[in-house]
Amino acid sequence: MQMAEQILSVAHLEKSYQKRHVLHDINFSIAKGEVVALLGPSGSGKSTLIRCLNGLEEYQQGTLTFNGEEVTPTEKNWQQLRQKIGMVFQSYDLFPNLTVLDNILLGPVKVQHQSREEAKATAEKLLDQVGLREYENSYPRQLSGGQKQRIAIVRALALNPELMLFDEVTASLDPEMVRGVLNIITELAQDSNMTMIVVTHEMNFAKQIADRVLFLEDGKILEQTPGKQFFEDPQTDRAKAFLESMDF
Amino acid sequence: MQMAEQILSVAHLEKSYQKRHVLHDINFSIAKGEVVALLGPSGSGKSTLIRCLNGLEEYQQGTLTFNGEEVTPTEKNWQQLRQKIGMVFQSYDLFPNLTVLDNILLGPVKVQHQSREEAKATAEKLLDQVGLREYENSYPRQLSGGQKQRIAIVRALALNPELMLFDEVTASLDPEMVRGVLNIITELAQDSNMTMIVVTHEMNFAKQIADRVLFLEDGKILEQTPGKQFFEDPQTDRAKAFLESMDF
Amino acid sequence: MGISWQVIQQSLPVFEKGLVLTLWLSLIGIIGAIIVGLVCSLLQYFKVPVLHQIVSVYVEVSRNTPLLVQLFFLYYAFPVFGFKMNAEMCGIVGLIFLGGSYMAEGFTGGFNGVSKTQVETGKAIGLTRGQLARYVVFPQGFALSVPALAANIIFLIKETSIFTVIAIPELTNTALDLIGMYYRSNEYLLVLVVGYAIILIPLSILLTILEKRVRYGAFGN
Amino acid sequence: MAHSGINVLFEGRNLARLFGGLWTTIEIAAIALVLGLILGVVLGVLRTFKNRPLRFILRLYLEFFRIVPTVVLLFLFYYILPRQMGVNLPANEVAILVFALWTAAEMSDIVRGALISVPQHQRESGLAIGLGRWQLYRYVLIPQAVALELPATINLVTRVIKTTSLLMLISVMDVINVGQQVVEANGQKYPTGVFWVYGIIFVMYFVIDYPLSWWAKRMDKKRLERANG
Amino acid sequence: GCGSNSSKSSSSSSSSDNQSTVQKIKKRGTIRIAVFGDLPPYGWVNKNGQRVGYDLTLARKVAKDLGVKAKFVQVNANNRVDALNSNKVDMVLANFTVTPERKQVVDFANPYMKVSVGVVSKKSNPITKASQLNGKKLIVTKGTTAENYFTKQSGVNLLKFDSKTQQFNALKNGRGAALADDNSYLYAWVKNQPKYTVGIKSIGPKQYIAPAVKKGNKSLLNWTNKEINKLTKNSFFEQDYNSQLKPYFGSEVKPSDIIITK
Ligand SMILES: Nc1ncnc2c1ncn2[C@@H]1O[C@H](COP(=O)(O)OP(=O)(O)OP(=O)(O)O)[C@@H](O)[C@H]1O
Ligand SMILES: Nc1ncnc2c1ncn2[C@@H]1O[C@H](COP(=O)(O)OP(=O)(O)OP(=O)(O)O)[C@@H](O)[C@H]1O
Ligand SMILES: [Mg+2]
Ligand SMILES: [Mg+2]
């Protein structure tokens with residue numbers, strides 16, 4: 001791991017909800033173009049960690065460094081940073097009161113002050129990529145779950161982020177819809193070389209895209225292992241047990 | 001398929017929601033001790049069919065025959081029959097206002113008028129089987145999703161039904177919780193010889209327990225094939241495509 | 001005692017005046033209440049220092065005391081210290097004072113009802129606090145608050161019946177006055193009930209339609 | 001002297017009388033609420049049944065009490081009932097009747113709303129273990145609905161208490177009527193007495209209603225928090 | 001005890017039973033009488049919570065002579081007819097002026113007071129002629145003879161209140177140029193309000209105040225007529241005047257202005 005191109009580093013991160021200590025001394029970095037899969041049992045703190053990286057949760061201690069600069073965790077700073085750090089959630093979180101296109105353009109036009117034409121051109125290119133160009137004037141309610149989730153990804157990409165965070169984006173989809181969404185993320189990783197951190201319960205998918213796996217349990221990083229190796233020969237027994245439990 | 005021990009037969013079942021025709025001429029039977037898996041893409045009508053078998057949905061045409069007697073579909077009759085036909089849903093549907101034990105005893109004591117002691121003895125035996133005896137005085141909110149779903153199964157079994165219906169009982173569970181629940185259903189099929197109809201998206205599980213597969217699409221039964229054969233060599237192209245889409 | 005249509009007919013012109021007055025006072029009061037409520041809920045949403053605490057106190061005082069006592073205060077007690085408004089003004093001020101807090105609660109309830117994931121999603125695409133409010137929270141929150149606002153509108157119109165205690169000749173006062181002069185309670189109370197029905201039934205149907213429209217516009221169901 | 005007007009409260013038995021009036025107010029509100037809430041629950045349950053004529057009648061009942069202002073209801077019941085129906089009740093009982101019927105109407109809507117918002121799968125899992133209709137209500141729906149409806153019910157209670165201020169219009173010696181007597185009897189001696197008398201009535205209502213509202217709000221907040229995870 | 005509502009034992013509504021109403025009242029042991037609660041010195045509640053005043057003394061006397069207890073129901077002017085008609089009370093003793101309109105809906109017994117409408121206004125800006133009221137606001141109480149009288153005079157804007165408390169407060173707050181009501185109250189009121197004067201002492205017809213009973217209630221009406229005659233003869237009203245009214249009136253009022261003497 002070459003220090004030079006680290007896009008994000010996390011050092012000694014600690015996070016509690018009231019009395020509950022949920023993240024313990026988290027340390028890791030992610031380099032440009034790298035894909036990190038964040039795995040671990042339910043409740044181990046994956047969502048909490050990824051939300052800290054986007055300023056959606058406050059943390060008590062530790063430092064984040066983004067593109068070589070330490071992040072001062074103020075609301076104002078985070079608002080700026082979020083244009084560089086895109087995030088997609090489990091729920092199909094499109095704004096129901098806006099059309100697909102307006103959902104996508106909101107960030108580029110209002111936050112980044114791009115001209116509507118310019119932003120629209122980008123948006124349509126992305127919509128073409130995910131095969132949903134024809135829905136640009138539809139409302140979210142007219143789309144299936146899988147389609148909504150693909151639009152949500154486009155919406156995050158439209159800001160042209162340097163790092164993407166995905167939190168179980170297929171968890172609430174019908175099984176048949178899952179593949180379409182995962183394909184897009186895979187393309188993004190492989191063709192566009194996007195840097196990303198992915199939380200998922202789809203082991204086959206993780207195996208396919210992860211350059212590195214962070215295995216979390218009880219808020220601690222139990223192991224950080226290159227992707228291939230993790231799935232063939234995890235270093236800890238706990239990870240082994242976890243992998244076994246994931247296929248019936 | 002020997003007529004003699006058919007526990008439930010469905011003949012020419014038709015079901016519409018207002019204008020939408022969702023089940024077309026459904027015909028099948030299930031014999032005592034048999035396990036039928038109901039598979040098919042999302043929206044194909046699996047839930048609708050299984051809910052018709054329990055009187056939760058009205059149907060427009062067709063006959064159901066249970067234990068050799070044709071079912072007259074009145075609310076009163078169904079209320080009686082539901083003691084013989086247990087059902088477990090996708091949602092963790094325990095009553096949040098009752099303890100685990102009271103959830104289980106409600107049916108036996110209030111509906112079947114068993115004595116509380118007798119019912120409690122049965123309940124505790126079942127709780128032992130699913131490894132949750134220690135939670136009998138807990139409230140549902142204190143349990144994990146997987147635990148809740150196991151209790152829901154116990155609750156249905158406590159009425160000592162002759163037929164069990166399972167509708168995607170693991171669909172809203174965390175991946176690690178899935179196995180525990182599926183194990184219980186597998187035991188039920190293999191050790192207790194329970195007759196059951198199972199809707200699931202877990203293909204490995206279906207493969208393991210199904211004596212026969214009913215493959216549904218657009219409200220029609222496309223094929224009825226013995227379990228092994230279906231997974232190795234489905235008869236229709238649609239089923240083949242479906243099986244392929246299910247693993248990433 | 002039967003009902004005399006003649007008595008009813010003769011009273012109609014007077015009742016019509018009362019009805020018009022009821023409508024006017026309600027209209028001004030409701031518009032005022034919506035404005036006050038919106039301002040208050042914005043102050044609370046953005047947690048504007050000092051003002052938002054003042055708003056909290058106002059909301060509690062206004063919601064937890066009867067309009068009748070508020071009006072007595074405005075009309076009979078305040079002038080003792082030299083603040084004097086005419087009856088109609090007192091009525092309107094009272095209605096706005098009462099309705100403002102109800103409307104504020106309605107708006108705030110709507111804003112708070114916007115789901116947490118929607119807010120977080122907005123943040124995740126880099127929206128500022130103001131933009132989040134403008135593009136996500138307000139449009140959705142407003143749609144969520146319409147049912148409460150509609151209920152408040154009906155409530156406030158009915159509350160104008162209390163204006164009778166400060167001698168505003170609205171519908172209820174008209175009826176009570178006629179009863180006092182001509183002793184035909186049956187007829188006048190009947191006209192009174194019909195009068196309110198004429199205002200409130202069409203209005204509540206209209207509001208239900210509006211609720212559905214707005215809801216569909218925002219959420220599509 | 002403006003500020004000395006407060007002494008009007010301590011003249012003779014004035015303060016005690018005001019509290020006496022308040023007690024009348026509370027008594028009427030309490031009895032009406034107990035009756036109204038019970039009746040409201042029953043009507044609310046009935047309104048979730050499939051029986052169309054029944055639902056229509058109950059809806060009509062609700063809409064009548066929704067449309068007619070309470071002042072008008074009080075007059076209707078006080079003056080018209082005895083003459084048209086031969087039922088003659090003293091003012092306090094008319095007040096209780098009107099408030100109870102009104103409470104029941106509003107409550108029936110709250111209960112109905114809560115019952116239909118108990119998740120559909122709760123109803124279905126009740127049916128699936130063979131519960132009959134009454135058992136379903138008794139063991140599953142009503143207990144869950146109670147938790148959902150509590151804040152709205154408390155808000156209804158505060159509204160009923162506030163609305164008792166209208167009792168003065170039908171010869172009930174409630175706190176406001178007593179207040180008027182005090183103002184009139186002491187008006188010459190204490191020209192600013194009116195401020196203090198209405199002031200203390202204002203405070204009395206606030207002191208009763210505020211804790212209830214606070215409680216309702218807190219429960220609502222907790223429920224929202226739970227819903228948001 | 002005092003200041004309470006009507007009796008609970010009354011649920012029959014028809015007054016045309018075989019049994020005479022007087023008998024029924026005696027059997028019941030209480031007579032329900034409608035009175036004012038905020039009109040010193042006629043019917044009001046003093047600081048100790050006791051109902052007192054000219055009408056109240058009469059009411060207690062009536063009850064005593066009937067041999068029953070009195071239950072008082074406090075009414076406002078515009079409820080007096082309905083209180084009788086809806087059988088909330090047996091008798092009204094609330095400064096009820098006899099008018100032709102009212103005679104059609106209730107039965108009046110023999111009168112016990114004289115009255116006419118007067119108008120009170122600020123000494124600094126007195127109203128002494130009805131014509132001065134043109135285009136101005138005049139305060140009245142709903143259901144009074146004053147309201148009735150001025151409703152028929154065009155050009156006067158009436159501000160109508162429910163109770164006496166409200167109307168006098170409104171005048172003090174300057175909500176109208178003047179207030180019209182029975183002159184008998186106004187005399188009493190200005191005694192303690194040195195800034196005000198009864199600028200018009202009497203306007204409209206001279207009228208009488210009498211007890212009222214429900215229309216058709218012959219037996220109580222007859223009894224009451226006899227009672228009033230007897231009390232008049234016994235100078236009861238002079239005593240009542242001296243104890244209840246005199247302290248409230250200035251020197252300009254003579255007993256013969258108010259009460260009916262034999
Ligand atoms: N808002 C909160 N308040 C208190 N505790 C919380 C909150 N959110 C999460 N937790 C707790 O923090 C821990 C980590 O939760 P988190 O959601 O990060 O887990 P996860 O690994 O994402 O699980 P899953 O796979 O189920 O999504 C859990 O024990 C959870 O109960
Ligand atoms: N209450 C309803 N009203 C109208 N249409 C309905 C209703 N419930 C289901 N449907 C429709 O009936 C069809 C079958 O639905 P059903 O839920 O039975 O499918 P399914 O096979 O169980 O799907 P899944 O795998 O997503 O659970 C779908 O097209 C659905 O939209
Ligand atoms: Mg998570
Ligand atoms: Mg289904």
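Naming convention: chains lettered A, B, ... in sequence-line order (proteins, then strands); numbering from 1 in each chain.
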Problem - Distance (rounded to the nearest 0.5 Å) between C/Phe219 CZ and A/Tyr139 OH - result: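 Between atom CZ of C/Phe219 and atom OH of A/Tyr139 there are 13.0 Å.
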Problem - Smallest separation among heavy atoms of A/Gln79 and C/Leu127, with atom names - result: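 Looking at all heavy atoms of both residues, the closest pair is CG-O, 3.5 Å.
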Problem - Closest non-hydrogen atom pair between A/Pro96 and C/Gln118, with its separation - result: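 Distance-wise, the nearest heavy atoms are CD-OE1, 3.6 Å.
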Taking side chain as everything from C-beta outward and backbone as N, CA, C, O, which of these in [X] sits under 4.5 Å from a heavy atom of chain C? Side chain, backbone, both or neither.
X       : answer
A/Leu81 : neither
A/Arg82 : both
A/Asp93 : both
A/Glu75 : side chain
A/Phe95 : both

What do you reckon, is [atom1] of [X] surrounded by more than 12 foreign heavy atoms closer than 6.0 Å?
X        : atom1 : answer
A/Glu69  : CD    : no
C/Glu16  : CD    : no
C/Phe83  : CZ    : no
A/Arg141 : CZ    : yes
A/Gln142 : CD    : yes

Handout entry: 4.5 Å side-chain heavy-atom contact, A/Val111 and C/Ile125
Key =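 The answer is no; the side chains never approach within 4.5 Å.
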Practice task
May I ask you to name which of A/Asp102, A/Val88, A/Leu106, A/Asn54 has the most heavy-atom pairs under 4.5 Å with chain C?
Solution key: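 It is A/Leu106.
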Problem - For chain C, the option from A/Leu56, A/Leu165, A/Leu98 that forms the most heavy-atom pairs under 4.5 Å - result: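 Looking at each option in turn, the highest pair count goes to A/Leu56.
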Side chains of residues 54-63 of chain C: which donor-acceptor pairs under 3.5 Å do they make with residues two or more places apart or in other chains?
{"residue": "C/Ser56", "atom": "OG", "partner": "C/Gln44", "partner atom": "NE2", "Å": "3.3"}
{"residue": "C/Ser56", "atom": "OG", "partner": "C/His52", "partner atom": "O", "Å": "3.0"}
{"residue": "C/Tyr58", "atom": "OH", "partner": "C/Phe97", "partner atom": "O", "Å": "2.7"}
{"residue": "C/Tyr58", "atom": "OH", "partner": "C/Ser101", "partner atom": "N", "Å": "3.1"}
{"residue": "C/Glu60", "atom": "OE1", "partner": "C/Asn64", "partner atom": "ND2", "Å": "3.1"}
{"residue": "C/Glu60", "atom": "OE2", "partner": "D/Lys217", "partner atom": "NZ", "Å": "2.8"}
{"residue": "C/Ser62", "atom": "OG", "partner": "C/Phe97", "partner atom": "O", "Å": "3.0"}
{"residue": "C/Ser62", "atom": "OG", "partner": "C/Leu98", "partner atom": "O", "Å": "3.4"}
{"residue": "C/Ser62", "atom": "OG", "partner": "C/Ser101", "partner atom": "OG", "Å": "2.6"}

Practice task
Under 4.5 Å, counting heavy-atom pairs only, tell me which of C/Gly217, C/Gly122, C/Ala124 racks up the most with chain A.
Solution key: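 Top count of heavy-atom pairs under 4.5 Å with chain A: C/Ala124.
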Only distances under 3.5 Å count here; give the side-chain donor-acceptor pairs of residues 129-139 of chain C to other protein atoms, sequence neighbours excluded, each with its distance to 0.1 Å.
{"residue": "C/Arg129", "atom": "NH2", "partner": "C/Tyr45", "partner atom": "O", "Å": "3.4"}
{"residue": "C/Gln131", "atom": "OE1", "partner": "C/Thr128", "partner atom": "N", "Å": "3.0"}
{"residue": "C/Gln131", "atom": "OE1", "partner": "C/Thr128", "partner atom": "OG1", "Å": "3.3"}
{"residue": "C/Gln131", "atom": "NE2", "partner": "A/Lys110", "partner atom": "O", "Å": "2.7"}
{"residue": "C/Tyr135", "atom": "OH", "partner": "A/Lys110", "partner atom": "NZ", "Å": "3.1"}

Practice task
List the steps, then state whether side chain to side chain contact (heavy atoms under 4.5 Å, CB included) holds for A/Arg51 with C/Glu120.
Solution key: CA-CA 10 Å; A/Arg51 288 161 59 82; C/Glu120 290 188 342; 2.5 Å; yes
Practice task
Starting from the C-alpha separation in whole Å, work towards a yes-or-no answer on side chain to side chain contact (heavy atoms under 4.5 Å, CB included) for C/Thr121 and A/Phe89.
Solution key: CA-CA 8 Å; C/Thr121 307; A/Phe89 305 83; 3.9 Å; yes
